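These figures come from a predicted structure and were not determined experimentally.
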Amino acid sequence: MPAAMLPYACVLVLLGAHTAETVAGRGHLPWEPRCQQPLPDGAHVTTLLPPRLDGPWVSTGCEVRPGPEFLTRSYTFHPNRLFHAYQFYYEDPSCQKPAHSLLMKGKVRLRRASWVTRGATEADYHLHKVGIVFHSRGALLAVAERLGLSRASQDCARRLPPAGAWLPGAVYELLGAQAEQDCAAALGFTMHELSLVRVQRHLQPQPRAPSRLVEELYLGDIHTDPAERRHYRPTGYQRPLQSALHHSHPCLVCGLVSHADEHHPPVLPPPVALALRLQGRWVSSGCEARPAVLFLTRLFTFHGHNRSWEGHYHHFSDPACQQPTFTVYATGRYTNGTPSAKVRGGTELVFEVTRAHVTPMDQVTTAMLNFSKPGSCGGPGAWSMGTERDVTATNGCMPLGIRLPHVEYELFKMEQDPRGQSLLFIGQRPTDGSSPDTPEKRPTSFQAPLVLCDEMAQDFPILLPHRPLLGKPPSGGGPRPPVAPLPFLLLVLGLAFLGWL
Ligand SMILES: *[C@@H]1O[C@H](CO)[C@@H](O)[C@H](O)[C@H]1NC(C)=O
Ligand SMILES: *[C@@H]1O[C@H](CO)[C@@H](O)[C@H](O)[C@H]1NC(C)=O
């Protein structure tokens, strides 16, 4: 969607040129008044550096991975670095019909602060064991069929019982002492998500009660192209897990997932079905990180009566979204939605981007735009920091990877969270930085949800100042990247550029 138009979208809030200074200045949240809420003092997000993984972590809902695959996760890390983890897979997008479960045992070691994804920590992991349990004969057949497709994995398929001999509850080893071959790999399974970690804390205010501590574990993203998954090292995150001990309330799913095991996979309650009603303003609920490393906040407005949309993408150089680099304002039209056949519960739409405005928000971006090829980004004339310019006449802004007009094939979904807040899920961007500009490239999974402005509850942690909780860098960490480093930004912009040509 709109997000689309930018290789990595971003935005926060609508900052017109006249309000841009507010963002650059300290002490004001860059939210447009209608979306702005006085933030309770305790709502600040803190990042634990080095991250502390110990304890049980669980999914807070039914997760969708590219494919699509529907799953819930329950991971437990022990102080001796060993972990055991469950991934429960389902046939349906509401996680109500368990198909099979994977159980993993292994070891994980934190390495150093990531130089690629600021604010993240890199880790190494080793899998000792991977087992699979089938919850139906059909699930066994489906996996056996996948393994039987390639010659390399046919031996793995033979290790599974014939469907007639399926025993409910039996654990089959895919990787471990008894398996000669890594059949987990043959199935396309990896735990590369463990190679990028981040732990965040915030306080969730409670009506008439003390605030609750909420801990979130961000693990590496899953490549949108299944063929790339075995090799891809994450640079962004997937939907966070929450601590089973310190999660937001209420969270029925947290309890179900944390009490589940391979013989008792969690069956989630039926979702509150929401028809897709885009009308209104939708904002990021926090600072979003994208693979290839952009940090951004987004704000979208949908006008249902004339099928037009507006998007504000606010880009930042830091993981707390405190150092703005540039803002893009884009507008266009969108089509009627049709139910997705591939991702049940999702709606397919087509977005068109017809106008765009750019506001450089720091010296580096201003200078870069100043020196860009004439006619490649806006008409003649110099750029100055904080001043918005229309780039429609030059068909976008090549140095920032924005090309107009532009069409994107989108996947949307709406849900209600346990607090009754409406959430809007927009399709995940292709990990390779390209845009879903053909129907074949339409997403099959989702980004972090946006929340409806008017419903934004007080306790939603929006764009909060981040501070490391412990001042010291992770052990073994080298020098941390400087704040808003020039080469870094150019790298980001360069990548965006390539992604769009
Ligand atoms: C659609 O309506 C909105 C609000 O009424 C207006 O701001 C916008 O310019 C309109 N867009 C188009 C393309 O007509
Ligand atoms: C951009 O160009 C204008 C005019 O040449 C100049 O005044 C301004 O300082 C430049 N800004 C940057 C950040 O290079």
Side-chain angles (χ1 to χ4, degrees), residues 1-5 59 61-72 87-100 135-149 187-188 221-229 238-239 267-279 282 300 302 304 307 309 332-353 406-416 422-432 434-450:
M1 92 118 357
M5 60 145 330
S59 297
C62 187
E63 300 178 8
V64 186
R65 286 187 172 181
E69 293 176 336
F70 308 107
L71 77 162
T72 55
Q87 290 182 352
F88 305 104
Y89 288 84
Y90 300 82
E91 292 169 23
D92 66 305
S94 316
C95 292
Q96 296 191 286
K97 293 185 205 126
H100 64 269
H135 304 302
S136 71
R137 197 164 274 126
L140 165 62
L141 281 172
V143 168
E145 192 183 1
R146 253 163 79 192
L147 286 171
L149 287 180
L187 253 186
D221 65 314
I222 308 296
H223 202 290
T224 50
D225 179 354
E228 299 290 334
R229 277 195 203 170
Q238 43 183 321
R239 177 169 168 176
V267 174
L268 304 197
V272 179
L274 285 187
L276 192 70
R277 285 191 46 195
L278 293 179
Q279 181 72 32
W282 299 84
F300 296 121
F302 298 97
R307 306 224 149 262
W309 65 273
R333 295 183 165 273
Y334 61 97
T335 60
N336 269 324
T338 53
S340 167
K342 204 165 175 190
V343 185
R344 277 166 293 154
T347 300
E348 298 186 344
L349 300 125
V350 180
F351 278 82
E352 197 188 22
V353 190
H406 182 72
V407 170
E408 296 220 343
Y409 294 83
E410 261 304 342
L411 180 72
F412 278 32
K413 166 177 91 163
M414 268 181 73
E415 272 181 16
Q416 205 170 54
S422 300
L423 304 178
L424 174 62
F425 292 81
I426 293 179
Q428 191 175 350
R429 321 296 310 151
T431 309
D432 63 9
S434 66
S435 78
D437 52 6
T438 62
E440 295 69 41
K441 290 178 80 180
R442 193 189 296 273
T444 54
S445 58
F446 300 96
Q447 306 177 41
L450 303 169

Might you work through the side chain to side chain contact (heavy atoms under 4.5 Å, CB included) test for W282 and S422, ending with a clear yes or no?
CA-CA 9 Å; W282 299 84; S422 300; 3.9 Å; yes
Quick one: are V143 and H100 in side-chain contact, heavy atoms under 4.5 Å?
yes
I'd like to check K97 versus Y90 (side-chain heavy atoms, cut-off strictly below 4.5 Å). Are they in contact?
no
P430: partners by side-chain contact (heavy atoms from CB on, under 4.5 Å), with sequence neighbours left out
T224, D432, S434, P436
Pair E69 + K342, salt bridge at N-O below 4.0 Å:
no
Would you say the side chain of S136 lies within less than 4.5 Å of the side chain of E91, judging by non-hydrogen atoms?
yes
Working to the nearest 0.5 angstrom, can you tell me the gap between T72 OG1 and E63 CD?
7.5 Å
Work out which heavy atom in A99 is nearest to a heavy atom in A139; give both atom names and the distance.
O-CB, 3.0 Å
When rounded to the nearest 0.5 Å, the distance separating CD of E440 from OH of Y409 is 8.5 Å
Decide side chain to side chain contact (heavy atoms under 4.5 Å, CB included) for L276 and L424; before the verdict, give the C-alpha distance in whole Å, the side-chain angles of both, and the deciding distance to 0.1 Å.
CA-CA 9 Å; L276 192 70; L424 174 62; 4.1 Å; yes
Those residues at least two apart in sequence (or on a different chain) that pass side-chain contact (heavy atoms from CB on, under 4.5 Å) with E348 are T338, S340, L411, R442
Would you call the rings of F300 and W309 parallel, tilted or perpendicular, where under 30° means parallel and over 60° means perpendicular?
perpendicular
Does a side-chain heavy-atom distance below 4.5 Å link L147 with L187?
yes
Among H223, Q238, Q428, find the one that has a side-chain hydrogen bond (donor to acceptor under 3.5 Å, both in side chains) with R65.
Q238
If you apply the rule side chain to side chain contact (heavy atoms under 4.5 Å, CB included), what do you find for F70 with D92, and how did you get there?
CA-CA 7 Å; F70 308 107; D92 66 305; 5.8 Å; no
Rounded to the nearest 0.5 Å, what separation is found between the OG atom of S59 and the CZ atom of R239?
7.5 Å
Classify the ring geometry between F446 and F425 as parallel (under 30°), tilted (30 to 60°) or perpendicular (over 60°).
perpendicular
Pairwise distance CD(E352) to CZ(R333) - rounded to 0.5 angstrom
8.0 Å
Taking the side chain as every heavy atom from C-beta outward, state whether H406 and S435 have any atom pair closer than 4.5 Å.
yes
Evaluate the criterion salt bridge (Lys or Arg N to Asp or Glu O under 4.0 Å) for residue pair R429 and E410; output intermediate values, then yes/no.
CA-CA 10 Å; R429 321 296 310 151; E410 261 304 342; 3.2 Å; yes
Tell me, with the steps shown, if L278 and F412 meet side chain to side chain contact (heavy atoms under 4.5 Å, CB included).
CA-CA 10 Å; L278 293 179; F412 278 32; 3.6 Å; yes
